[in-house]
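Data block below; observations after.
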Amino acid sequence: MRIPFDNSYAQLPPQMYTAQLPTPVKAPQVIATNAALATILGIDPADLAAPDAAQVFAGNHIPDGAAPLAQVYAGHQFGNWNPQLGDGRAVLLGEVVSTDGIRRDIQLKGAGPTPYSRSGDGRAWLGPVMREYLVSEAMHAMGVPTTRALAAVTTGEDVYREERLPGAVISRVAQSHIRVGTFQFFASRGDMQALQALTDHVIARHYPDATGPADLLDLVIARYAKLIAQWMGLGFIHGVMNTDNVSIAGETIDYGPCAFMDGFHPDSVFSAIDQYGRYAYSNQPGIGTWNMAQFATALIPLMPDRDAAIEDFTAAVHRMPALYEEAWLSVFGAKLGIANPVEEDRVLITDLLDLMAKNGADFTNTFANLDAANARDQFINRDAFNTWAARWQPRKAADAATIMARANPQIIPRNHRIEEVIQASRTGDYAPFHALLAAVTAPYAPLTETTAQFARAPSKDEMVTRTFCGT
Ligand code: AMP
Ligand code: MG
């Protein structure tokens with residue numbers, strides 16, 4: 001396999017990473033490869049079917065031009081400072097400048113231990129690999145900035161969690177894997193050389209128009225506010241919004257115990273480790289601002305006038321809620337087929353969400369069918385819905401149906417479907433994975449006889465209410 005590597009992170013100061021080869025595995029086998037993404041990366045899709053593909057995507061064979069390394073970072077985990085984290089189960093193979101001109105990382109996640117593994121084994125099991133593949137590709141198909149999945153392989157080795165499970169590796173593609181926590185690591189150590197080099201690298205790579213740290217902060221905040229608004233519009237709960245899981249490029253990253261809601265409840269939490277609901281659906285915007293305050297703090301040491309910088313950066317962080325609200329209005333306005341939503345539409349939208357919450361209406365299906373008579377079926381109190389719909393009618397654009405069809409997916413990767421896929425994959429049956437992947441990567445297509453099953457909300461018995469980090 002030929003990958004046109006062009007590595008830049010490996011040129012940065014050596015304290016920013018450790019050169020690290022993936023640890024070979026026994027008997028890798030390909031589960032899935034992503035030809036469309038390969039093409040963007042400048043990889044010949046025909047190479048994905050070559051005999052060495054499994055060896056490359058498992059980390060057994062290092063392709064020419066790769067410069068494998070593990071990145072160091074720190075982070076606030078559930079609000080608690082952790083001074084030393086890093087790629088503990090991931091190895092960056094290298095970067096390519098894609099055919100769209102964008103530089104992208106290719107990383108093997110589950111590739112074996114690194115100096116940052118702490119007590120972990122550096123491995124992943126099949127379950128989280130399947131989940132990340134499905135959810136990241138679904139997010140991409142729904143127009144949400146996200147890391148992507150280039151390939152998934154099984155390793156032919158077992159990993160041990162609470163039980164013995166099949167090992168797997170996912171090839172993750174990102175605009176970069178630089179996180180808020182990467183900045184925090186060097187800022188907290190007073191390593192000005194690395195902090196400056198990292199900042200210059202990020203500006204050149206992701207925000208070439210930024211004139212310095214203050215500008216960078218503004219631009220990251222703007223992207224992150226919009227990203228969270230998009231999550232909210234899909235009923236998506238990231239689950240682990242720690243600062244080490246916040247991409248500086250503004251992509252959704254680190255799909256652990258994430259979930260899309262079925263029935264709408266604003267306080268929904270799925271992650272089994274999120275005891276206090278810190279990362280609940282409705283908390284995501286507030287946590288986003290908190291995370292940007294940590295980013296701002298990490299940039300302060302770069303500024304010549306510390307007091308002035310604190311004042312400016314505080315103001316920048318305080319602008320985030322308004323940016324988020326603006327993005328939210330535009331996201332939900334489109335979901336209701338409103339061409340140019342105005343402030344007054346906010347009440348219309350929140351009134352619908354309140355009704356949905358009271359009725360436990362399915363988030364995705366309510367919006368997907370809002371225009372159809374069967375939307376009423378989502379509401380126990382149909383009169384209340386009809387009263388609301390009468391207020392909505394005059395606000396709809398002439399081409400509301402088109403706007404709504406683009407803003408409201410028919411199919412999301414529902415938790416119970418992902419669970420089914422994972423259970424089947426444990427017996428070596430990947431057909432459900434491929435069927436679900438096909439459905440969630442065409443989320444706006446009209447339902448067919450084959451795909452209608454994936455749009456159906458779970459029955460009480462099927463409902464998944466807890467998700468796990470499942471490293
Ligand atoms: P996460 O909660 O997935 O963002 O991971 C938090 C930290 O734990 C990161 O630094 C990971 O690299 C590390 N980590 C998670 N799982 C493993 C594992 N199986 N082996 C080594 N490190 C891990
Ligand atoms: Mg992480």
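All ligand and atom numbering here is 1-based and tracks the order in the structure. Along the sequence shown, residues are numbered consecutively beginning with 1. Nothing here was measured: the structure is a model prediction, and the numbers come from that model.
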Should the proximity of [X] to ligand 1, defined as any heavy atom under 4.0 Å, be assigned to the side chain, the backbone, both, or neither?
X      : result
Arg123 : backbone
Arg161 : side chain
Tyr116 : neither

Min heavy-atom dist [X] to ligand 1 below 4.0 Å:
X      : result
Gln71  : no
Gly122 : yes
Asn245 : yes

- The one among Arg89, Gln84, Arg118 that brings a heavy atom closest to atom 7 (C) of ligand 1: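 Considering heavy atoms of Arg89, Gln84, Arg118, the nearest to atom 7 (C) of ligand 1 sits in Arg118.
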- Item | Identity of the nearest option to atom 11 (C) of ligand 1, non-hydrogen atoms only, from Ala70, Gly120, Gly86 |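 Result: the heavy atom closest to atom 11 (C) of ligand 1 is in Gly86.
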What pair of heavy atoms forms the shortest contact from [X] to [Y], and how long is it?
X      : Y      : answer
Leu108 : Ala58  : CD1-C, 4.2 Å
Ile228 : Gln284 : CD1-O, 3.9 Å
Asp215 : Asp209 : OD2-O, 3.8 Å
Leu134 : Val440 : O-CG2, 4.0 Å
Thr23  : Gly112 : OG1-CA, 4.0 Å
His434 : Ala32  : CE1-CB, 4.0 Å

- Task: Measure the acute angle between the ring planes of Phe78 and Tyr279, then classify it against the limits of 30° and 60° as parallel, tilted or perpendicular.
- Result: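 Taking Tyr279 first and then Phe78, their aromatic rings sit tilted (interplane angle of 30° to 60°).
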- Item | Geometric class of the His76/Trp81 ring pair [parallel <30°, tilted 30-60°, perpendicular >60°] |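 Ring orientation, 0 to 90° scale: tilted.
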- Message: If you apply the rule side chain to side chain donor-acceptor pair (under 3.5 Å), what do you find for Glu95 with Ser8, and how did you get there?
- Response: CA-CA 7 Å; Glu95 303 154 30; Ser8 65; 2.5 Å; yes
- Message: Can you confirm, on distance only, whether ligand 1 has an N/O atom lying under 3.5 Å from any N/O atom belonging to Val240?
- Response: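 Val240 vs ligand 1: no N/O contact under 3.5 Å.
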- Item | Contact atoms of ligand 1, heavy-atom distance to Asp254 under 4.0 Å |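 Checking each atom against Asp254, I get 4 (O).
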- Message: Using a 4.0 Å cutoff against the non-hydrogen atoms of Tyr73, which atoms of ligand 1 qualify?
- Response: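 Within the 4.0 Å cut-off of Tyr73, ligand 1 contributes 9 (C), 10 (O).
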- Short check: any N/O/S atom of Asn242 below 2.8 Å from the Mg ion (ligand 2)?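 Within the cut-off used here (under 2.8 Å), Asn242 places no N, O or S atom near the Mg ion (ligand 2).
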- Query: Would you say Asp254 has an N, O or S atom lying under 2.8 Å from the Mg ion (ligand 2)?
  - Reply: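 Under 2.8 Å: Asp254 contacts the Mg ion (ligand 2) through an N, O or S atom.
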